[in-house]
Novice: 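Please see the structure below; I have some questions.
Atom set for the values below is all heavy atoms of this structure, side chains included, hydrogens, waters and symmetry mates excluded. None of the values given here were measured: they were computed from a predicted structure. Every number for a ligand or one of its atoms is a count from 1 in the order of the listing.
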Amino acid sequence: MQTLALFEAPPPDQHLGPQALVLREFALPYVAEVMPALAEITAASPFRQMVTPGGYTMSVALTNCGALGWTSDRRGYRYTGEDPHTGKPWPPMPACFQRLARAAAQAAGFAGFEPDACLVNRYAPGARLSLHQDKNERNFDAPIVSVSLGMRAMFLFGGLARSDPALKVPLWHGDVAVWGGADRLRYHGVLPLKDEPHETLGSQRINFTFRLAG
Ligand code: MD3
Ligand code: FE
């Protein structure tokens, strides 16, 4: 049944730039461990919608784990050791998160990745992330590892200037993107999510973004 096999095969791994790679379904073997660990994190530091310096409430809800967490408010974007919502340290990064991030970085050619921050984004249908650069981290030498679970998203992969044309890249459940080096400061974003419920996670997309922030 050749047609069925073709239909079910994941798309191949995809180079988006010299040092930007999508590893299709790389995270699937980790999902059974990662989702219960995420439930523990959100019990301590719940998902919340943050306000940008410009005064907009983000459509994406977020939380963090690890030594540092990304936050936003009217005063700006930054990494903090405490969750501003609880006043306590962010939950520790689970060992299975660390193993996943390290293995994906290794597979993409970045050996020895030890992230100190994991931002967890939750997208409901309609949520989006406008074009931006990740530049609040202290060290741009380390890669960023991004894990997609749940509903499909259309990812925008731009250039080093906001006005550069952007490639549209679909990211499915289990896909992991790794980018560093020359591609580390590319503009990127996520188009508004369509409501195409995922068979196990339902009408949401969860994105884990692992970084060396401090
Ligand atoms: C960049 N999150 O939290 S990471 C962010 O899916 C953020 O929630 C998005 O941008 C999200 O700062 C996107 C995904 C990503 C995937 C592949 C890339 C970013 C990339 C490839 C090259 C450069
Ligand atoms: Fe980003």
Side-chain angles (χ1 to χ4, degrees), residues 11 13-27 38 47-50 52-53 58-66 68-72 76-79 90 97 100-101 104-105 107-110 113 115 117-137 140-162 164-194 198 201 204-213:
D13 290 350
Q14 187 178 358
H15 269 281
L16 304 180
Q19 286 168 286
L21 183 64
V22 180
L23 303 166
R24 297 295 178 188
E25 299 189 346
F26 189 94
L38 176 60
F47 284 115
R48 82 296 302 265
Q49 287 173 269
M50 288 188 174
T52 66
M58 295 177 68
S59 58
V60 175
L62 64 87
T63 186
N64 293 274
C65 64
L68 292 171
W70 186 90
T71 66
S72 176
Y77 308 123
R78 63 198 165 278
Y79 284 92
W90 296 104
F97 283 32
L100 169 54
F110 297 95
F113 182 46
C118 175
L119 167 62
V120 190
N121 292 316
R122 188 185 64 192
Y123 294 72
R128 60 190 285 269
L129 199 60
S130 53
L131 272 187
H132 67 277
Q133 292 172 297
D134 291 6
K135 56 181 183 189
N136 291 112
E137 300 73 29
F140 296 152
D141 296 335
I144 294 181
V145 171
S146 159
V147 176
S148 294
L149 297 181
M151 292 203 295
R152 181 193 68 139
M154 202 51 98
F155 178 70
L156 294 173
F157 183 63
L160 295 178
R162 185 183 291 276
D164 289 345
L167 195 67
K168 283 185 198 163
V169 184
L171 294 176
W172 284 276
H173 180 71
D175 290 349
V176 178
V178 182
W179 69 105
D183 294 314
R184 174 68 179 71
L185 288 172
R186 284 193 189 244
Y187 276 88
H188 57 279
V190 178
L191 290 179
L193 247 72
K194 289 188 193 165
H198 182 263
L201 272 71
Q204 61 175 341
R205 169 176 185 257
I206 305 285
N207 173 265
F208 302 87
T209 302
F210 295 93
R211 305 185 174 102
L212 185 60

Novice: Any side-chain heavy atom of L171 sitting closer than 4.5 Å to one from R152?
Specialist: no
Novice: For ligand 1, which part of L119 has a heavy atom less than 4.0 Å away: the side chain, the backbone, both, or neither?
Specialist: side chain
Novice: Indicate yes or no: does an N/O atom of D183 lie under 3.5 Å from an N/O atom of ligand 1?
Specialist: no
Novice: So which of F208, Y77, F155 gets nearest to atom 18 (C) of ligand 1, if we judge by its closest heavy atom?
Specialist: F155
Novice: Taking non-hydrogen atoms only, is I144 closer than 4.0 angstrom to ligand 1 via side chain, backbone, both or neither?
Specialist: neither
Novice: With a 4.5 Å heavy-atom cut-off, do L212 and E137 have their side chains touching?
Specialist: no
Novice: Report the angle formed at the Fe ion (ligand 2) by atom OD1 of D134 and atom NE2 of H132, rounding to the nearest 10°.
Specialist: 90°
Novice: Tell me the contacting part of Y123 for ligand 1: side chain, backbone, both, or neither, using a 4.0 Å heavy-atom threshold, strictly below.
Specialist: side chain
Novice: What protein heavy atom lies closest to atom 22 (C) of ligand 1? Include the residue and the distance to one decimal.
Specialist: F157 CE1, 2.7 Å
Novice: Can you confirm whether P170 sits close enough to M154 that some side-chain heavy atom of one is under 4.5 Å from a side-chain heavy atom of the other?
Specialist: yes
Novice: Between ligand 1 and R186, is the shortest N or O to N or O distance under 3.5 Å?
Specialist: no
Novice: What protein heavy atom sits nearest atom 7 (C) of ligand 1, and how far away is it?
Specialist: L129 CD2, 3.4 Å
Novice: Taking N or O atoms only and a 3.5 Å limit, does W179 qualify as a polar contact for ligand 1?
Specialist: no
Novice: I need the nearest protein heavy-atom contact for atom 5 (C) of ligand 1: residue, atom name and distance, please.
Specialist: R211 NH2, 3.4 Å
Novice: State, yes or no, whether a side-chain contact exists between F110 and V178 at a heavy-atom distance under 4.5 Å.
Specialist: yes
Novice: So if I count the atoms of ligand 1 from 1 in the order they appear, which ones are less than 4.0 Å from some heavy atom of R205?
Specialist: 6 (O), 8 (O), 11 (C)
Novice: Give the contacting part of V60 toward ligand 1: side chain, backbone, both or neither, where contact means a heavy-atom distance below 4.0 Å.
Specialist: neither
Novice: So, is S146 polar-close to ligand 1, with some N/O to N/O distance under 3.5 Å?
Specialist: no
